[in-house]
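Written below as structure tokens is the structure these notes are about.
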Protein chains: 2
Amino acid sequence: MTSVSRNTKRQSAGANSERTRQHNSKFVLSTLRHAQTQGDTAGRAEIARLSGLSIQAVSNIIADLEQRGLIRACGKRNQGRGQPAVQYEICANGAYALGFEVRPDALFCTLLNLHGETMCQKRSALMRATPDAVAQAMRETKTAILAEPGLAHEKILGAGIVMPGPFGTTGISGHDSELPGWQDIEITSWAEDLLKLPALIENDANAAAMAERISGVTQGLQHYACLYFGAGLGLGVISNGQALHGARGNAGEIGHIRIALPSGAQPLEAVLSRLALQDHLKSNSITADTSEDIAALFHENCPTLLEWLDLARIALCEAINLIENLLDPSTIALCGAMPGALLDALVKDLPLNQHSVAARPERTLPRIIRGSSGPMTAALGAAALVLNDAFTPQITTSA
Amino acid sequence: MTSVSRNTKRQSAGANSERTRQHNSKFVLSTLRHAQTQGDTAGRAEIARLSGLSIQAVSNIIADLEQRGLIRACGKRNQGRGQPAVQYEICANGAYALGFEVRPDALFCTLLNLHGETMCQKRSALMRATPDAVAQAMRETKTAILAEPGLAHEKILGAGIVMPGPFGTTGISGHDSELPGWQDIEITSWAEDLLKLPALIENDANAAAMAERISGVTQGLQHYACLYFGAGLGLGVISNGQALHGARGNAGEIGHIRIALPSGAQPLEAVLSRLALQDHLKSNSITADTSEDIAALFHENCPTLLEWLDLARIALCEAINLIENLLDPSTIALCGAMPGALLDALVKDLPLNQHSVAARPERTLPRIIRGSSGPMTAALGAAALVLNDAFTPQITTSA
DNA sequence: TGATTAACTCAATCATGTTGAGTTATCAAG
DNA sequence: CTTGATAACTCAACATGATTGAGTTAATCA
């Protein structure tokens, strides 16, 4: 089939020549993408050296990818003697990735091109996020997107879908983020049948982490974490370039962890979350329903908000300590549905624990950085999952 | 080359037919192993169905593995009509895995066969665990092991090596577990040159977790964690069948995390570790230097020890809450250098938080189980790393 | 200007998986 | 006790895709 595969057929555990080609094609694409993020390009011979493949093999793959419109030649480069190497780059609009975020009251959609650039965004209001209502909204959204010029079903690599966790029946019942009627649905195949596209399901924090990898502040990193402000507070973990789901897809519920604060032990998201901020404001009779409200308060130096910020920064330090000790990430990105300026303020001059495995002298990245913010972060991340998949040589796990 | 590869040559990122065969061979082996742990066996056709490979491909691989002495036919089985399927099993002594644990004062070694059974164990005292001293001890140990009957260099798949973290220079200086003179050594290639074998490096907790997977309580699980009593307290995390290292191999330092206790916030290993136990005993003028001493105290219901146990169980509950929320494991195993009876006592009737993503009604495994204990756990785990590698279809991550 | 170098192409070869046509051994129905 | 159905397995031809070695081309260097 194809390297950046569109076929919905489930992959089996065994490998064959087709799979080999798919794997190698993904390697070629990831090399080109990696070069492009550095403002660079690459030629056949260089890719062959990096991959350990023969030049001929790379040549064949490049011919194939070029013919399919995913890459194109972009000049030559002299590297000293010898014939100049023809350079290749990824065609921004050679293919697209679709991302959906299902929320209790709406369906968000983002379409990314191969450069990770947002091509369009859509929002559909939902009365109730039942499977039927979501299915209808997804179908309509897809139809609307296919109507755009230059878009065909064949050019969509797949769909990433973000759903609020926790998945399955858990001890946390009555949790606001749980959706009605989804318990008995195997979501991946449900979505693949619905959209006629390969589907990837993730929680919001992992998707946000992928977004940072595809077009954000963690490009090129293989190990990092992403604290994500969504309904509560989630943690996306990327290890070896792949998201960490846990046994049931419920990993990253960092908001539920009790942490030690000067005021006593509390769940992290009782302090460090959008809801916690709004509660704190409300207890001082200030309402801030939207991100814009919060941003405005921050802009005018609202003392109640600054008070919360001090609390939140203490909680954040504890969270960082936890994450660094447990996961040893290259960095931690802070992102999600909070005003960017507020994230900046949270991140700035944190009194981080220096007695940590993360306090390395040779460190080049800051221990915490501000990632992307805004309400569409999760839908963007959903689409990023698809791009990551297209650019990452895969494995199947054993029995 | 070979599927259970012995060659030291670094694998490249690109795939070819040889790599495909290697991948598929590992799948066949893992299927047979999995069946064997269930007291079962498997035939060609069954493996073909599981892998998605053709029967012919499986047949070829089986012929190859059998010829190399890694598997053998073990009777036939009637599954109703049709020709009975020839069953295969892994030859226990078809190959071996070597495991080393480097400690500040000694080098421990364990040799496992393909069934994960311990063939021999060795201990070499070290004055100081400098690279030179360790190299000499490793060389001598390997020579002694090769002298055993039935053992040849070719039958050793590789060496797993466990070293106390943290790796590299970190903010935690003066840490007792840091070894002298290792900062500037790329340990994997150092060990491969030294032993002329493929080498895998891990921290103690991850290795212990692998040991549970190969021959312990977590066989067949893809997602779990392992709380490990070593020098302090470590957490081994297996996600998707692979150990989680973090960016620098320092993941799992759960002992350093501050947790909220009735007595105030403290690092977890200030309560839950062998050293904490010994300190607690010492503050009541009881000395217990060895595991036997501790086991004896426990056996005679020493009130000071029981007092510690109550404290430790509270801390353990907090740790479990942390791990479950962050990693969503299938289960958590408790293991390491503590008397088994004490681990049992820790695990028994824990007042676990029911408000957790882990409190699932359909859960079949307990949320926490007792794993293997004893001083050789880490060296065993080191060898288990090699077996896991031999039985797990691999990938190389992209650039 | 010619030697050197590196990128690249072409054609032959090789490893491996797949496919389809048998063959064999067992069960079950007549 | 025969016969047909069924499933495991083998054999041979084929397809895919990577590798190899012998050119070819276009640069730099002396």
Margin query: The criterion is side chain to side chain donor-acceptor pair (under 3.5 Å); which residues satisfy it with A/Thr218, sequence neighbours excluded?
Written below: A/Tyr224
Next item on the list: Could you list the residues that satisfy side chain to side chain donor-acceptor pair (under 3.5 Å) with A/Glu186, not counting sequence neighbours?
Entry: A/Ser189
Margin query: I'd like to compare against my own output: the B/S/- annotation of nucleotides 21-30 of chain C with a strict under-4.0 Å heavy-atom distance to protein.
Written below: ---BBBBS--
Next item on the list: Can you sort out the partners of B/Glu46 under side chain to side chain donor-acceptor pair (under 3.5 Å), two or more places apart, ordered by chain and number?
Entry: none
Margin query: For A/Val58, give me all partners under side-chain contact (heavy atoms from CB on, under 4.5 Å), at least two apart in sequence or on another chain.
Written below: A/Arg44, A/Ile47, A/Ala48, A/Ser51, A/Leu53, A/Ile62
Notebook entry, point to check: Sequence neighbours excluded, which residues qualify as side chain to side chain donor-acceptor pair (under 3.5 Å) partners of A/Gln56?
Noted result: A/Asn60
Item checked: Nearest-neighbour nucleotide for the B/Arg21 side chain, C/dT16, C/dA11, D/dT10 considered -> C/dT16
Next item on the list: Give, ordered by number, those residues of residues 40-48 of chain A having at least one heavy-atom distance below 4.0 Å to an atom of DNA chain C; if nothing qualifies, reply none.
Entry: A/Arg44, A/Ala45
Margin query: Rounded to whole Å, how long is the line connecting atom CD of B/Gln56 with atom P of D/dC14?
Written below: 16 Å
Next item on the list: Could you list the residues that satisfy side-chain contact (heavy atoms from CB on, under 4.5 Å) with A/Asn113, not counting sequence neighbours?
Entry: A/Ala92, A/Asn93, A/Tyr96, A/His115, A/Glu117, A/Met119
Notebook entry, point to check: Of all the nucleotides listed (C/dT9, C/dG17, D/dT19), which has the minimum atom distance to the side chain of B/Thr20?
Noted result: C/dG17
Next item on the list: Answer with base, sugar-phosphate or nothing: what part of the nucleic acid does A/Asn60 contact at a heavy-atom distance below 4.0 Å?
Entry: nothing
Check: By side-chain contact (heavy atoms from CB on, under 4.5 Å), which residues pair with B/Ala73, not counting sequence neighbours?
Finding: B/Glu66, B/Val86, B/Tyr88
Notebook entry, point to check: Distance check: side-chain N/O of A/Asn16 vs OP1/OP2 of C/dT18, anything under 4.0 Å?
Noted result: yes
